There are 2 protein chains.
Amino acid sequence: MTEAVSRPTLEAVAARAGVSRATVSRVVNGGDGVREPLAERVRQAVAELGYVPNQAARSLVTRRHDAVAVVIAEPETRVFADPFFALQLRGISKELTAHDNQLVLLLTEGRDDHARVARYLAGGHVDGALVFSLHLDDPLPGLIHQVGVPTVFGGRPGWSDDGGAGGPTRATRTGRGPGPGVVYVDCDNRGGARVAVRHLVDLGRRRVAHLTGALDQTSAVDRLDGYRDVMGEVPGGNDPRLVVESDFTPSGGERAMRELLDRCPDVDAVFAANDLTALGALRVLRASGRRVPEDVAVIGFDDMLPVAEEADPPLTTVRQDIEEMGRLMARLLLRGLADGRDRTGASANPPPAGVILPTTLIRRTSA
Amino acid sequence: MTEAVSRPTLEAVAARAGVSRATVSRVVNGGDGVREPLAERVRQAVAELGYVPNQAARSLVTRRHDAVAVVIAEPETRVFADPFFALQLRGISKELTAHDNQLVLLLTEGRDDHARVARYLAGGHVDGALVFSLHLDDPLPGLIHQVGVPTVFGGRPGWSDDGGAGGPTRATRTGRGPGPGVVYVDCDNRGGARVAVRHLVDLGRRRVAHLTGALDQTSAVDRLDGYRDVMGEVPGGNDPRLVVESDFTPSGGERAMRELLDRCPDVDAVFAANDLTALGALRVLRASGRRVPEDVAVIGFDDMLPVAEEADPPLTTVRQDIEEMGRLMARLLLRGLADGRDRTGASANPPPAGVILPTTLIRRTSA
DNA sequence: GTGAAAGCGCTAACAA
DNA sequence: TTGTTAGCGCTTTCAC
């Protein structure tokens, strides 16, 4: 673990090139307005000295950091059970890199960390933030919004824009539509659910059940809504016994599936809120002697690999383009930052409140 | 996406508290050498004004950033197939947070990004780096080592310390023991493999095969070595047909298992290089009409959830404490940084070259 | 123990 | 087009 040595400064480069610091600065930052022979001399000096600008000094005067925070709320535990997280991060990283921005990762471990995150964001260390937190009662999005740092949310934040004085949080749990001015990116949970359920109905299934996700997350709520959208139009589709609450986990899926079989032994199709839930359901169905998809068709959500592919039978599921979501979040944020800087067409190019990415049904064997 | 407002400076706090900037600075940074009544006045002013130090200004003079880069080489694709990545990051994040350090995430997408990463690290934006790259021929670790930024590697880097002038890379592929002065954290791949294989042998199995991982990764090489350690002592254990090269993927596992059954139909146990490989093996075994574990016992590696738990039958496997690995990496780096700063006992407390974390055998059903 | 003053390396007016 | 200059906000000697 060697110690880094002191690096050459602008001054040094200027001396070597026989020009002023200002000129070097110009060349280093794009180089407009410097005549070619000079610019070339400077570039040479930069190369020879291995000059790298000191970001701290630069930030001090520009008040910009070319850095973006990515805040991931730990309770979002799915994050540790599937590559969702990694893919999203990859998308974000690609986009940020393409625009010479750095990614500062902030993982939060419960409420105690909220203050820390808020302080960090308020501290002006980064130009903006990308925030993941999909729980209805999570105060973090509200807190961050109050801090006033440009932010794009990942997943529809389940929080209404009623302010809250920054105290113990007054975020409400309406769970419908974030307040105005809130930018977020989400996949079409509701539409995806509709397609899945419609697919089951088109297959001729009439007793289509839904094992929900954790209903304190907007994605679970939206998928349930999508299910209801379709089932509301199907004769007998409104049977409340067909909906069993679960929690996005395999064991939760098992439990829910067992309860479902108790309530409705005649069920002939199951739309599970995610692939993990479907996995639990599959196991219970198998144990109960039912064949999938012959007796009961099953559809999941997420297309979580390798789970969906390796399931027995391979899972038909709803795929979302996770990496693209990440990329889009970053793009929206950077665009917003750019607009904010050249305070010209800021309002001419207002960021959309919510961007919803499409989903696709991936047909495998289970439905 | 509101614009952040300008924040109060040290100057402002000093004015409000009726002291000098120096005094405020002292209080803000630990507060030794300031008499209590004064210190209290300062703290009050800080609170009232909501003062947050400007990190850029601070870094400019201290030449420290309280930030650490985490470099993850994309080819390390396992990262996107299981929560390994997330867990490690969580461990790192916890440790860094506990020491008020920020985490700058650098994801690399092939060779083109190497220069970018090297430049960033050389640019002195961070105090140190945690680097993941377990491929034998990856030039990145060598590059980074040359840059001279304090670094701890995740996983034994498969690269020898022969310098290399920084050009197109002269990293060699010896793949044994990183050069001196290289700090890394790894799990006990070799020991874990030994325990797994020993377990199979103790079960009475005599034809124990190994489906390797991608042998350009040190972890795969080490696990193979562990397998050989044990099999070398078992009568008939040296049969080379029992080792089939694979690549850490389910489909690779299938392919390898098929080949294995061709070569050695009498195989009665399989140690797969990871859980995904085991998954593929399980499927082929089932298709071949063999029962697991009665006819063929199977052990995986990683304890990758939910794959291992949800496998059919649930997978016996070797678990590593991934989060702890991350935490340890961060701890080693921060300790090294601290030692480097108060240039006193630097050599009195030399960081160990490699820290190997233990593994545990998790017994489920498959063996 | 406390304050005054000198920069850290850079950018951005403003002059030339 | 190029150079000169004045800070950005902070820490850190060095006097007091």
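First the proteins, then the strands, lettered A, B, ... as listed; each starts at 1. Since the model is a prediction, treat every value here as computed from it, not as a measurement. Values below: all heavy atoms of this structure, side chains included; hydrogens, waters and symmetry mates excluded.
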- Applying ring-ring contact (aromatic ring centres under 6.0 Å, His included) to A:Tyr51 and not counting sequence neighbours gives none
- Taken in chain and number order and not counting sequence neighbours, the residues that satisfy ring-ring contact (aromatic ring centres under 6.0 Å, His included) with B:His114 are none
- Is the shortest heavy-atom distance from the side chain of A:Val70 to the side chain of A:Phe132 under 4.5 Å?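 Sidechains of A:Phe132 and A:Val70: in contact.
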- Message: Tell me every residue that passes side-chain contact (heavy atoms from CB on, under 4.5 Å) with B:Arg26, counting only those two or more places apart in sequence or in another chain.
- Response: B:Ala22, B:Thr23, B:Val34
- Annotated protein contacts, base or backbone, on nucleotides 4-13 of chain D with a non-hydrogen cut-off under 4.0 Å, one of B, S, - each: B-B-BBBBBB
- Item | Contact boundaries on DNA chain C for chain B, cut-off under 4.0 Å to non-hydrogen atoms |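 Contacts span C:dG1 to C:dG9, reading 5' to 3'.
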- Task: Could you check whether the rings of A:Phe85 and B:Phe85 sit parallel, tilted or perpendicular, using 30° and 60° as the cut-offs?
- Result: tilted
- Mind checking what makes salt bridge (Lys or Arg N to Asp or Glu O under 4.0 Å) contact with A:Arg116, not counting sequence neighbours?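 A:Arg116: salt bridge (Lys or Arg N to Asp or Glu O under 4.0 Å) contacts with A:Asp113.
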- Task: Determine, for A:Glu324 against A:Lys94, whether the closest basic-nitrogen to carboxylate-oxygen distance falls under 4.0 angstrom.
- Result: no
